[in-house]
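Since this is a predicted model, take the numbers as computed values, not measurements. What's counted below: heavy atoms across the whole structure, side chains too, no hydrogens, waters or symmetry copies. Order of the sequence lines fixes the chain letters, A, B, ..., with proteins taken first and strands second; residue numbering starts at 1 for each chain.
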Amino acid sequence: MSAPKERLDRLLERLVRASVLERIVISLAALLAAVLVGGVLVFVSGGFASCRAGLDLAGRTFCYNPMQVYYELFLGALGHPLEGGWSPTNYRLATTLQQTTLLIFAGLSVAVAFRAGLLNIGTQGQLVIGGLATAVTVVYAAAIVPGGFVGTIVLIPLGVLAGAVVGGLYGAIPGILKAYADANEVITTIMLNFVAVGVTSTLLSWRFQDPNSSTSKTRSVPEYAEIPTIPHVGFERMDFSLLALGFAVALILGIAWLLARTSFGYELRTSGIQPAAAAYGGVDEKRMTVASMTLSGALGGISGAFWVLMVHGSWRENVPSIGFDGIAVSVLAGNNPIGVGAAALLFGVIKSGQRSIGTATNVPPELVGILSGLIILFVAMPEFFRLLGRRYVDVGSPEPVRADGGTAGADGGADDA
Amino acid sequence: MRNALHNARERAARRPVEATIGGLVLLLAFLWLTPASWQAATLRLAVPIALAAIGGIFAEKSGVINIGIEGLLIVSAFSSIIAVHWLGDGAATMGLSNQWWGLLAGVLASVLLALVFAIVCIEFEADQIIAGLAVWLISLGLAPFASRIVFGSPNTANITRFGAVTVPVLSELPLVGHLLFDAPPQVYIMLLGAAAGWYVLSRTTFGRWVVASGENPKALDTAGVDVRKVRYAAVLLSGVFAGLGGAGFALGHLGTFAGGGDTAIGGRGFIAIATYLLANYHPIGALLGSFLFAGLNSMQNGLQTAGYAIPSELIRTIPYVTVIVVLVFVGRTRLPAAAGDHYESGED
């Protein structure tokens with residue numbers, strides 16, 4: 001049994017090594033392409049909007065300037081560092097990092113499932129349900145736990161745990177359905193997203209609605225149960241904590257270690273790449289499916305827990321689409337945990353820049369949703385960039401075509417490293 | 001339980017005449033037992049599900065899994081409303097009511113998006129599921145984006161809906177007359193579309209090509225038929241059907257388009273996928289399956305207006321839960337052998 005396992009191990013290593021650099025190049029190219037297409041879209045749609053001043057072209061007024069939009073999107077998210085009076089602890093940058101933190105959890109959730117060969121579109125639902133569990137648990141536990149520092153130490157881990165457990169259980173459902181009833185997890189997880197919205201909304205109005213609030217939300221958790229900020233390294237806003245970001249980064253390293261160095265991670269990756277070989281190597285495919293979906297759901301639940309404990313201090317209806325953005329994050333990152341960190345930062349910038357677009361330009365901020373969809377679309381077609389690259393390299397003689405510069409060279413370099 | 005249901009469906013597939021009669025009996029029982037308003041609502045709510053499902057059948061049968069069908073519904077529904085708004089609600093252009101031009105615009109928009117999806121999947125060999133997701137997410141952003149530009153809000157203005165078209169004499173038939181022959185046009189489109197889909201898929205050369213392209217593209221290639229062209233045609237057809245579904249739904253039932261949250265389509269594209277899986281890729285079966293989900297939907301609407309004390313949010317989840325139950329108990333379908341695979345002529 002060990003010989004095929006070793007061979008498989010080598011194959012895996014080679015696959016991963018060879019693809020990392022190429023993935024990075026393709027992700028960057030996809031990002032650039034999405035920005036280009038998005039820019040054209042912004043410009044063209046400006047022709048249908050009405051405004052006082054804009055670019056007059058062929059008898060039509062184009063109201064939107066794509067350059068300005070991207071300026072606001074990317075630099076607005078950092079608090080406009082090129083303008084005067086910039087400080088690294090500004091409000092916008094805090095928003096960016098807050099979104100990054102949440103997206104790291106959501107992205108890891110999607111990535112873990114993807115690596116096991118499962119498409120978990122249900123991170124959003126797991127996040128919605130897990131977040132509610134966190135809020136309810138902490139609100140009720142606060143009544144019996146003493147306040148102050150002790151309360152912080154007890155309630156926050158308890159809340160995160162509640163989110164992880166409930167999110168994990170919710171993620172286990174499509175896992176079990178897939179493993180034992182062969183139900184396509186793409187469809188079931190999407191359906192469970194809709195179910196999660198209905199169930200949480202019912203639970204909220206049935207029992208957990210804050211009686212003193214006119215909006216649909218749970219009671220707020222006590223202030224000492226919100227994720228604390230580090231004193232003196234303060235950002236300008238209270239709903240972002242460097243501690244939370246630190247935890248997210250630690251989780252990235254933890255998941256990367258889990259996938260790369262543990263036998264669980266090994267089995268997870270093999271069943272993702274070569275299910276038949278994995279079964280031959282003694283991996284119980286059904287249990288693996290349930291386990292990886294549970295882990296994925298738990299990470300989605302943690303994202304919901306931090307959304308509750310860091311951002312609002314309560315669970316509210318109309319949860320933002322962090323889970324769906326997690327798909328984009330993971331796809332862009334090539335489902336690599338370390339890559340998830342970088343992609344989450346990028347999408348954190350985009351999410352925070354969305355607000356900047358909303359306040360500083362007339363362009364509808366929904367543009368950002370289109371952009372993340374475009375990024376996924378372009379990442380989905382590496383062949384497009386390969387063809388493009390080949391055409392680019394093949395300017396002179398037919399010789400470089402044989403050498404196939406781009407990919408072959410990149411692979412070799414990565415292997416040597 | 002699961003196997004029994006599965007076997008029953010297999011038997012039904014092997015004996016179309018008996019299955020049809022059985023279905024008709026069930027349908028008549030339903031017609032006799034339920035109030036007429038539910039039935040009319042069921043037919044109208046079935047439109048996007050049935051047509052999207054038939055479109056999905058063509059794409060998937062040809063070997064391209066089109067999970068972006070929800071996006072096609074969103075884009076066509078939205079485009080049809082906006083076209084009517086621009087052309088002038090209630091007026092006519094070139095002798096044809098603007099509502100019909102809206103339908104055409106919706107179909108065109110959907111076909112265009114399907115073309116993008118086809119190019120991405122066939123030309124650039126993208127992962128079909130991920131590309132389909134991208135189509136969905138792009139549409140989810142595109143509709144409210146464009147709506148905000150035109151209407152200043154993610155929701156569009158209201159337009160006049162299609163009026164009912166009454167067929168004389170036939171509409172006097174007992175039980176089914178008022179339903180089938182006194183209906184808005186999108187219902188006729190759905191019924192004709194299902195019949196046409198069945199005919200094309202099972203009785204024409206093109207239909208055989210589509211099936212072969214999904215089952216054994218190599219054989220089709222050897223026989224001298226361009227697999228890529230067949231797949232392009234099938235995906236574009238899925239755009240046509242989904243476009244008719246989305247635009248018909250928006251123009252004939254909604255009369256407006258809400259772009260916020262899950263949009264006014266609200267996951268019906270995904271229910272359509274579950275529907276054709278349930279129907280084992282049979283267009284008529286998909287039509288009947290769409291009645292099941294639309295019936296649940298109109299039932300929960302009926303229960304809500306009747307003021308039953310069941311929380312409406314919970315009732316709203318019934319169709320989604322049903323989809324899951326259906327997938328678990330009867331949904332084990334055999335995908336076309338080459339579904340999800342790329343095919344390049346002359347490989348090996």
So, the part of A:Ile327 with a heavy atom under 4.5 Å from chain B: the answer is side chain
Options A:Gly369, A:Gly198, A:Ala196, ranked by heavy-atom pairs under 4.5 Å with chain B, top entry: A:Gly198
Which bit of A:Phe378 is near chain B, if near means a heavy-atom gap under 4.5 Å: side chain, backbone, both or neither? neither
For A:Ser330 and A:Gly326, indicate whether the former's side chain and the latter's backbone hold a donor-acceptor pair under 3.5 Å. no
Check: A:Leu204 main-chain N/O paired with A:Gln209 side-chain donor or acceptor under 3.5 Å: no
Contact class of B:Val323 relative to chain A, heavy atoms under 4.5 angstrom: side chain
With chain A, which of B:Ala146, B:Ala131, B:Gly259 has the greatest number of heavy-atom pairs at distances under 4.5 Å? B:Ala131
Would you mind checking which part of B:Leu140 comes under 4.5 Å of any heavy atom in chain A, side chain (CB onward), backbone (N, CA, C, O), both or neither? neither
Chain A heavy atoms under 4.5 Å from B:Ile67: which part of the residue, side chain, backbone, both or neither? side chain
Which answer fits B:Leu142, side chain, backbone, both or neither, if we ask what part of it has an atom under 4.5 Å from a heavy atom of chain A? both
Taking every heavy-atom pair that is under 4.5 Å apart, which of A:Trp206, A:Phe48, A:Phe385 has the most such pairs with chain B? A:Phe48
Heavy-atom pairs under 4.5 Å with chain B, option from A:Thr188, A:Val195, A:Val199 with the top count: A:Val195
For the backbone of A:Lys217 and the side chain of A:Thr215, can you confirm whether one donor and one acceptor N or O come within less than 3.5 Å of each other? no
Out of B:Ile130, B:Leu137, B:Ile149, return the one with the most heavy atom pairs under 4.5 angstrom to chain A. B:Ile149
